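To start, the structure under review is shown below, and the notes come after it.
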Amino acid sequence: MSQLFRHLPSVDSVFGELDKDSGLRGLPRPLVRDLVNEFLDIKREEIKSGVVTDAVELALENLLPRLESFIRVKARPHFRRVLNATGVVVHTNMGRSLLAREAVEAVVDACAHYSNLEFNLVTGERGSRYSHVEKLLCDITGAEAALVVNNNASAVFIMLETLAKGREVVVSRGQLVEIGGSFRIPDVMAKSGSILHEVGATNRTHLKDYEQAVNDNTAAFMRVHTSNFRLIGFTKDVSLEEMRELGDRYGLPVLEDLGSGSLFRFEGAGLCDEPTVQEVVAQGADVVSFSGDKVLGGPQAGIIVGRRKWIDRIKSNPLNRALRIDKVTLAALEATLRLYLDKDKVRETVPTLNMITMEYKTLRGRAGRLAKVLRSELGDAAEISIRKGVSRVGGGAFPEQDIPTSLVAVAPGNISVRELKERLLATEPPLVARIEDELFCLDPRTLDPKENKLAASALKQALGI
Ligand SMILES: *Cc1c(COP(=O)(O)O)cnc(C)c1O
């Protein structure tokens with residue numbers, strides 16, 4: 001055994017060989033040295049435990065291919081691209097919305113150069129970072145004023161902290177939602193220092209329930225979009241118009257956490273009718289908050305629009321400084337919002353809208369092309385077929401609503417479909433999709449045709465061909 005140890009190549013001799021591999025040459029030297037040492041340590045362990053018994057296995061030329069792939073895998077960034085073939089468009093675990101080309105370009109520009117982030121180009125003095133998007137948001141939504149913070153969770157938090165700290169907020173029991181990632185309305189309210197005054201029953205809340213809750217310590221009425229669940233059957237909700245009237249009668253603001261918050265009408269796309277931000281503003285909500293990266297299709301942000309009187313108070317809350325957005329977000333958000341100015345084109349230019357509203361015949365065509373690529377690349381290692389299926393919007397928007405799609409189903413020859421799914425997590429790039437009827441199903445709604453070849457390559461790696 002001690003003989004074998006002496007056959008292990010030295011770190012320096014390994015280094016000399018690795019330098020010839022152009023793919024590894026760009027990596028930081030100390031990182032490569034550490035990884036070589038780690039690899040040689042593994043070999044030493046294998047000698048000790050009797051896994052390696054032959055000196056030939058330890059020859060440099062025999063170790064090299066495995067060492068190179070070891071380094072390649074270990075040295076790659078932790079945060080990486082993933083192929084999303086799940087058909088869930090706003091997939092929170094995979095980065096929600098993809099940015100439009102214009103937004104990506106604005107981000108690159110904002111990162112590579114200095115900018116007028118907080119610099120007024122008219123006066124040459126300090127400006128406001130929010131000036132870049134406030135007017136756009138007001139023009140698009142019809143609101144008097146607007147503000148943007150880190151995400152919608154912080155938007156709800158700062159709205160309550162500013163307008164209702166130490167006072168009561170009236171909310172229907174049917175709207176006390178948990179949206180996942182530990183965001184629960186009652187908990188956020190408690191943290192903001194406001195006091196939850198629940199009214200109604202889980203399934204039914206009437207105007208008189210809200211009215212009876214009003215007392216000297218009431219600060220606001222609040223409505224919360226139920227996002228990821230649906231209340232069906234014997235239900236009753238109070239309309240925004242009715243709430244507005246009640247608010248006026250008692251001089252209290254009506255706050256609305258819209259969740260996903262759409263600026264685009266989806267009803268034509270076969271999705272049920274959801275009010276847009278514009279409509280909620282027009283119906284008289286005082287303050288409306290929503291996400292930038294759900295169905296809006298922009299960067300992570302929490303957008304707050306509404307009446308100037310309330311928005312100004314939120315703006316001057318010192319917490320605003322702690323929740324402020326950075327220049328990267330701002331650049332992406334302005335570019336995305338500008339696309340909404342062209343109502344006829346926005347469905348094409350904003351990827352999230354494009355994917356959600358993609359027509360079945362387009363999806364069928366995409367599935368056909370993907371199936372063709374997979375058949376030619378995978379040969380008889382898997383059987384490829386096309387079947388009907390459903391996609392989801394995701395991000396808590398349009399829950400329980402199926403959108404028809406065309407799926408490409410992969411039936412692996414030599415391994416189980418579960419094994420295939422698992423192996424695809426470790427391919428380059430990883431490929432995520434779902435299993436249906438013992439078939440691995442790829443949804444072309446969220447897989448760009450430009451990614452077909454990459455998907456084929458991932459499947460080849462997973463199938464070992
Ligand atoms: C998604 C959502 C939030 C949180 O928004 P983030 O942008 O993820 O912080 C809050 N409220 C509702 C109703 C939501 O759907």
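All of these numbers come straight from a predicted model, not from anything done at the bench. Counting starts at 1 for both ligands and their atoms, in listed order. What's counted below: heavy atoms across the whole structure, side chains too, no hydrogens, waters or symmetry copies.
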Would you please write out the protein residues whose heavy atoms approach any atom of ligand 1 to under 4.0 angstrom, listed by chain and number?
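Lining ligand 1 at under 4.0 Å, by heavy atoms, one finds R96, N151, N152, A153, I179, F183, H225, S227, D257, G259, S291, K294.
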
In a table with atom names and distances, give each donor-acceptor pair under 3.5 Å that connects a side chain of residues 333-346 to protein atoms at least two apart or in another chain.
| from | atom 1 | to | atom 2 | distance (Å) |
| --- | --- | --- | --- | --- |
| T336 | OG1 | A332 | O | 2.7 |
| Y340 | OH | L296 | O | 2.7 |
| D342 | OD1 | D344 | N | 3.4 |

Contacts of type salt bridge (charged side-chain N to carboxylate O under 4.0 Å, His left out), residue R244, not counting sequence neighbours
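Result, salt bridge (charged side-chain N to carboxylate O under 4.0 Å, His left out) vs R244: D248, D286.
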
State plainly whether the residues R418 and E438 are in salt-bridge range, i.e. N to O under 4.0 Å.
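Yes.
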
Identify whether the distance between the nearest side-chain nitrogen and carboxylate oxygen of R434 and D443 falls below 4.0 Å.
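So R434 pairs with D443 through a salt bridge.
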
Above 12 or not: heavy atoms from other molecules or residues under 6.0 Å from CD of E422?
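No, CD of E422 has 12 or fewer neighbouring heavy atoms, counting only those of other groups under 6.0 Å.
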
Please list, chain by chain and in numerical order, all residues satisfying ring pair (Phe, Tyr, Trp, His ring centres under 6.0 Å) with F264, sequence neighbours excluded.
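Residues passing ring pair (Phe, Tyr, Trp, His ring centres under 6.0 Å) with F264: F266.
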
